[in-house]
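Working notes, structure below.
Naming: A, B, ... by sequence-line order, numbering from 1 per chain. Everything numeric in this text was worked out from a predicted model, so none of it was measured.
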Amino acid sequence: MLKRSIFIKILILIISLSFILGISIFFVALREANQSLEQALIEESKLFSQIVAKDIEAGYLVHILKSKSLTEIIPFEEVLFLWIVQPDAKIYFADNPKMVGKEVKDSAVGAKEVIIKESVFQETGEKIKLLVRPLDIGIEEGDWTLFMGISLESVKTAKERLILVSSASFSLALIFFILISFFWARKVIKPIKKLEKGVMIIGKGDLDHQIEINTGDEIEELGNAFNLMTRDLKKQYLALEGEKNKTLAIINNFSDGILLLDKNNKILLINPKANSFFKFNIKNSVGKPIPEFLKITSFKPLAESLNKERKKEFFRQEFKISENLVLEMSTVPVMTGREKLGTLVILHNITREKLIDKMKSEFVSLAAHQLRTPLSAIKWTIRIILDEELGKINKEQRDFLEGSYQSNERMIYLINDLLNVARIEEGRFLYELSLTDIEELIESIIDSFKSEAERKKIKLEFSKPVKKTVKIILDSKKIKMVIENLIDNALRYNHHGGEVVISLKQGKKEIEVSIKDNGIGILAVEQPRIFSKFFRGAEVMKMDTKGNGLGLYIAKNIIDAHKGKIWFESSEGKGTTFYLVLPIRRKV
Amino acid sequence: MAKKILIVEDEEVLINVLKRKLVSEGYDVSTAKNGNEGLIKMKKEKPDLILLDIIMPEKGGFEVMEEMGEDEELKDIPIIIISNSGQPFEIERAEKLGADDWLIKTEFDPQEVLDKVIKQIGK
């Protein structure tokens, strides 16, 4: 039962309203009745006093009143007393002979007109109306007055009767009202109760429930609104259910293993793929915190990692679960706005990638060995013949052998470049950093190109700063490779009698090396692709068929790894300048 | 008395070239085609210097150096590695195992090999 049910509220409201209304009507009616009764009495008394006054004025007084008691001539029973008062306030005549000669102490003595006022009858103490009327009895000695006391007893009796009758009828009306209200309130409440029951059923999940109310009023409308809402709710619910099923289907069929953890590191979800890695018991695992899984040997390293407090939200780590299973675990925070709901753990099977990586490395090593061994054999054999260790050779023999030696050298370079590219792409192109005097490095490189430049009649110049350049941290072997490649290109794609100038400048934060030639230049259309792997310019290919299109690709990778910059300015037919900028770093 | 050099290398052409070059300089040269053979020969001949390849059938250069390090008689013989690849981690490992010098076959001429030999043990 409700504490403040609408039923009770309506009932109390109706009853109290009708009660107040009834009481008000009753009191108004009572007042009206009282007033009119009093008025009638007063009018009657006035009339009576007038008759009495006329009798007195006519002189009856002298004859009649002396012999008879005044009471005899007063048939009006409401009159309690009747006095004729002399101008000196002495009672000249009274209906009660005892009163004669007594003095009336009242301001109304000698009144010039009719006065009606409240007073008290001294003999009984009852409230009365006092009627005072002037008398004209023809004597010039002053104003005579008639005093008449009027009893209100009859009015009181009538009023009491009226109260009795009204109370009885009011009580009857009230009972009737209460009954009517009770039934009416019940009629209003009943559909509300029905509505309440229906809403409870819907709330418990029965979205097919229909609320049937046929009262034709607002409550029926409310019921219909509820039915519409339930229908929409069901539609939405089905859509949501479908969405959830879709998501679940995706998660269950995902090729990666997925674990969902709540913010207390309890497992909320394990998809079948994740389960296939560790053979959990899904039913027993969901809802348990990560530390409980430390017992499962295969999962232990992951559990330990997941259990660590981590500053970085995104995290990635490789785990070797067994000989045939390597997993890469990524954790992603699941957020709503700024609040962290939990963690999504993605387990990607990288066993195959690892195997391919290993095979690739092995292939590269194998290629290095298998290709380089015969090339070394050829190189050394030709060299020993050229060095005439095995006897004198003639000029023609020397020229042929020199040619083969150069071809072999190109093959060796190609293999080296291919291996370097393979290492760059595998991320195994390791850098050995050391404090290096770049000026010295450039000088030694230029020295090694001197003979080639002379042969081609190209002027090779080094323009270095007056002040000695500072030593910086770099991988001198790799940087040497880059500068050698750029000088080699500048000489290779130049004309007889051309010029190559290598400049070195030291800025505040960086060192700039430039290699300027006045050779064939790079076609504008080809410029954007110059650092791409295996790219060779059309002009370049006509001029020299021996390049492999790897040099600048490797150079760019090396400079990027040093956090430096490499770029060029070139105009067709006029020449090219390559710029290298390396940051000045003094510590590894 | 001539200095003794042992070449441990699986490529016959390279052995022949090196042997020719070193013999003509007056060294006493013997050869082995793999690590096992090399270890047997060095125990028997006690060479003054070993030229050692890394990748060889049966037993590679690293394993040979490991075994030499454990052998009191062999551990002090100078070694020059003659390798194919020259990757940093290879050089590092060889130096740890006691290699005294290092050269990459494709980048060196026989004359430069000879220079390194002279640097280690003289003429």
Can B:K119 and B:D115 be counted as an ion pair, charged N to O under 4.0 angstrom? no
So, taking the atom named CD in B:E107 and the one named OG in A:S376, what distance separates them when rounded to the nearest 0.5 Å? 10.0 Å
Note, A:L582 side chain near A:E510 side chain (heavy atom, < 4.5 Å): no
Counting heavy-atom pairs closer than 4.5 Å to chain B, which one of A:L375, A:D387, A:L390 comes out on top? A:L390
Treating B:K3 as the side-chain partner and B:I121 as the backbone partner, does any N or O pair qualify as donor plus acceptor under 3.5 Å? yes
So which residues of residues 19-47 of chain B are in contact with chain A at a heavy-atom cut-off of under 4.5 Å? B:R20, B:K21, B:S24
Intermediate values then yes/no, side chain to side chain donor-acceptor pair (under 3.5 Å), A:T373 and B:N84: CA-CA 7 Å; A:T373 302; B:N84 263 322; 2.9 Å; yes
Tell me whether A:F400 at atom CZ has more than 12 heavy atoms from other residues, nucleotides or ligands lying less than 6.0 Å away. no
For residues A:N394 and A:Q397, determine if any side-chain heavy atom of one lies less than 4.5 Å from a side-chain heavy atom of the other. yes
Check: A:R586 side chain, A:K471 main-chain N or O, donor-acceptor pair, under 3.5 Å: yes
A:E432 versus chain B, heavy atoms under 4.5 Å apart: side chain, backbone, both or neither? side chain
Taking 4.0 angstrom as the limit, do A:K456 and A:E452 come out as a salt bridge? yes
Do A:R410 and A:N548 have side-chain N/O donor and acceptor atoms under 3.5 Å apart? no
Given side chains that start at C-beta, do those of B:I77 and B:D48 come closer than 4.5 Å, heavy atoms only? no
Do any of residues 62-75 of chain B have a heavy atom less than 4.5 Å from a heavy atom of chain A, and if so, which, in residue order? none
With a 4.5 angstrom heavy-atom cut-off, is it the side chain or the backbone of A:Y413 that approaches chain B, or both, or neither? neither
Counting C-beta onward and ignoring hydrogens, is there a side-chain heavy-atom pair between A:L504 and A:F462 closer than 4.5 Å? yes
Sorted by number, residues from residues 7-17 of chain B in contact with chain A (heavy atoms, under 4.5 Å): B:D10, B:E11, B:V13, B:L14, B:V17
Distance-only, no hydrogens or angles: does the A:W380 side chain make a donor-acceptor pair with backbone N or O of B:K105 under 3.5 Å? yes
Set of side-chain hydrogen bond (donor to acceptor under 3.5 Å, both in side chains) partners for B:D100, sequence neighbours left out: none
